[in-house]
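Please read the structure below before turning to the comments.
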Number of protein chains: 2
Amino acid sequence: MYLKSPIISAIIKTVNIWRDKGMSDNSISIAVIKRLPKYHRYLRDLINNDVERISSKELSDIIGFTASQIRQDLNNFGGFGQQGYGYDVANLYAEINSILGLEKEYNIAIVGAGNLGQALANYSNFNNFGYKLRGIFEINPRLVGLKMADVEVYDVDLLEKFVKNNDIDIVFICTGAGSAQKIVDRLEKTDIKAIWNFAPVDVKVSNDIEVQNVHLIDKLLTLTYFIKDK
Amino acid sequence: MYLKSPIISAIIKTVNIWRDKGMSDNSISIAVIKRLPKYHRYLRDLINNDVERISSKELSDIIGFTASQIRQDLNNFGGFGQQGYGYDVANLYAEINSILGLEKEYNIAIVGAGNLGQALANYSNFNNFGYKLRGIFEINPRLVGLKMADVEVYDVDLLEKFVKNNDIDIVFICTGAGSAQKIVDRLEKTDIKAIWNFAPVDVKVSNDIEVQNVHLIDKLLTLTYFIKDK
DNA sequence: TAGATTGTTAATCGATTAACAATC
DNA sequence: TAGATTGTTAATCGATTAACAATC
């Protein structure tokens, strides 16, 4: 091992200062991203109630985050407010809508036409947000050929071909635990961008498809923790 | 304002040290509680795969938390492991099952027999975990009187009486956004312990009923944030 | 016993909150 | 202009990770 020269030491120190300040990685914290949908929802409500401007303090009172956190969060993306005035509600909503990527439309397919698959197919909110359901896939031949929420149910064997021909962006997995990973393995070879999995297992991909494993029951279990001794 | 005596100052200092060490509040961090269902799920899988013992390092490899975090998490509740050996899987599962309050059974009612209500009613996992569905409530007269997952659909007017007579512990709200808070206001006057709300609004209570507002779409929106530029 | 692995303290890291100068 | 409120830096808080003595 050789001794570092003063110059090298100074450079290393500078790099470390950069690092400390997060300048080598300016990606936004996941904690912030997870709060964005709540901002989106509350701002939409404000628009529906004809509120035109709001201060971080007022927003804090209704959304439950501190005013300081709200200003910190928003300033990750830009200075959307105005000193002495606050934020223009419609403008702020549009900004967050854009940050979340909701200006585009996304083509959706659902795999699994059971109760949950049907519930998601019929949940009109998705459609309103720009998620367009193009096809539902099912292994049970009795369901194939039916229509749900105006969308046809196809044999799951046709999945890859359909995904390709219809530029599917996101697939919702509503199968049982046993087949979820198998479907994901098949989807990994396609060009889809994201998987939203409701089967009660954590599915994994080896490429850069975004995966969100939803475990509905988890929130019920934590709820139970808090009431068990009531 | 009067000057504090040295003795009073010393006491205040001691109290503050207590506070700093968290000795005045030994409740377990919410971050830990939220991880418990995942431990529960993975340990169940291990049991099903006939794994009898596991070290924090091995568990770390499959569950994705660091070994250090796993040991910290578990030691909030007790020393469940053994030096040089690791953890007994069946025993650890039983402990976490107990911590979550899953040794008891809970009586459930669902309000709203639409697609999501039906999907939850038919989701057998809840039943396996000890959540016993006793009644479904609906405003639409065409659905009242039907059976879903072997459970009768009642007129929503009967909700309070049924909750009382059947010792309902937890109510799942599967109504639209407009009626969710109204149902919650009615439930607030009953003896239920928790509300699991799927309507796309944040419902609030003024007493000590535990409330979990689930916004399915939130995870889809954060997913979209990560794929918008793909 | 020696090796392995926990339980637990200490160090680090990151997120939240507080404070205030800038400025509309 | 004066008051209000942001944008942003600094301080605090809490959660995660590292380290290691205890011990099976």
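These numbers come from a predicted model, not from an experiment. A, B, ... follow the sequence lines: proteins, then strands. Residue 1 opens every chain.
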- Option among R35(A), K34(A), K38(A), R41(A) that satisfies the salt bridge (charged side-chain N to carboxylate O under 4.0 Å, His left out) test with D218(B): R41(A)
- Message: Can you work out whether Y85(B) or G84(A) has the more 5'-proximal nearest nucleotide on DNA chain C?
- Response: Y85(B)
- Task: Send over the distance from I70(B) CD1 to dA18(D) P, rounded to a whole Å.
- Result: 13 Å
- Message: I'd like to know if D169(A) pairs up with K104(A) as an ion pair, taking the criterion as any Lys NZ or Arg NE/NH1/NH2 lying under 4.0 Å from an Asp or Glu carboxylate oxygen.
- Response: no
- Q82(A) CD - dT5(D) C1' separation (whole Å): 10 Å
- Message: Quick check for you: among dC20(C), dA15(D), dT5(C), whose closest atom lies nearest to any side-chain atom of A31(B)?
- Response: dA15(D)
- The side chain of S68(B) lies closest to which of these nucleotides: dT16(D), dT8(D), dT17(D)? dT17(D)
- Measure centre to centre between the rings of W196(A) and Y131(A), then say whether the value is under 6.0 Å. no
- In whole angstroms, the gap separating C1' of dA19(D) from CD of Q72(B) amounts to 12 Å
- Task: For F65(B), report the nucleic acid contact type (base, sugar-phosphate, nothing); a contact means any heavy atom under 4.0 Å.
- Result: nothing
- Query: Between R134(A) and D167(A), is there a salt bridge with N-O shorter than 4.0 Å?
  - Reply: no
- Query: Can you check the N75(B) CG to dT6(C) C1' distance for me, whole Å?
  - Reply: 8 Å
- Between R71(A) and dA19(C), does any side-chain N or O lie under 4.0 Å from OP1 or OP2? no
- Starting from the C-alpha separation in whole Å, work towards a yes-or-no answer on side chain to side chain contact (heavy atoms under 4.5 Å, CB included) for L36(A) and F77(A). CA-CA 11 Å; L36(A) 293 179; F77(A) 304 100; 3.9 Å; yes
- Can you figure out which of dT6(C), dT5(D), dA15(D) approaches the side chain of Y87(B) most closely? dT6(C)
- Message: So, OP1 or OP2 of dT16(D): does either fall under 4.0 Å of a side-chain N or O from T66(B)?
- Response: no
- Per-residue pairing states of DNA chain D in dot-bracket (Watson-Crick or G-U under 3.5 Å; . unpaired, | other strand) read ..||||||||||||||||||||||
- Task: Please report, rounded to the nearest Å, how far the P atom of dA4(C) is from the CZ atom of R53(B).
- Result: 11 Å
- Message: Looking at S29(B), I'd like to know whether one of its side-chain N or O atoms comes within less than 4.0 Å of OP1 or OP2 on dA15(D).
- Response: yes
- In whole angstroms, the gap separating C1' of dG7(C) from CG of D73(B) amounts to 13 Å
- Would you say the side-chain atoms of N76(A) and Q72(A) include a donor-acceptor pair closer than 3.5 Å? no
- Query: Between atom CD in Q83(B) and atom C1' in dT8(C), what is the gap in whole Å?
  - Reply: 11 Å
- Between Q69(B) (CD) and dA15(D) (C1'), how many Å, whole number? 8 Å
- Message: A side-chain contact here means heavy atoms from C-beta on lying under 4.5 Å apart; do F129(A) and L220(B) qualify?
- Response: no
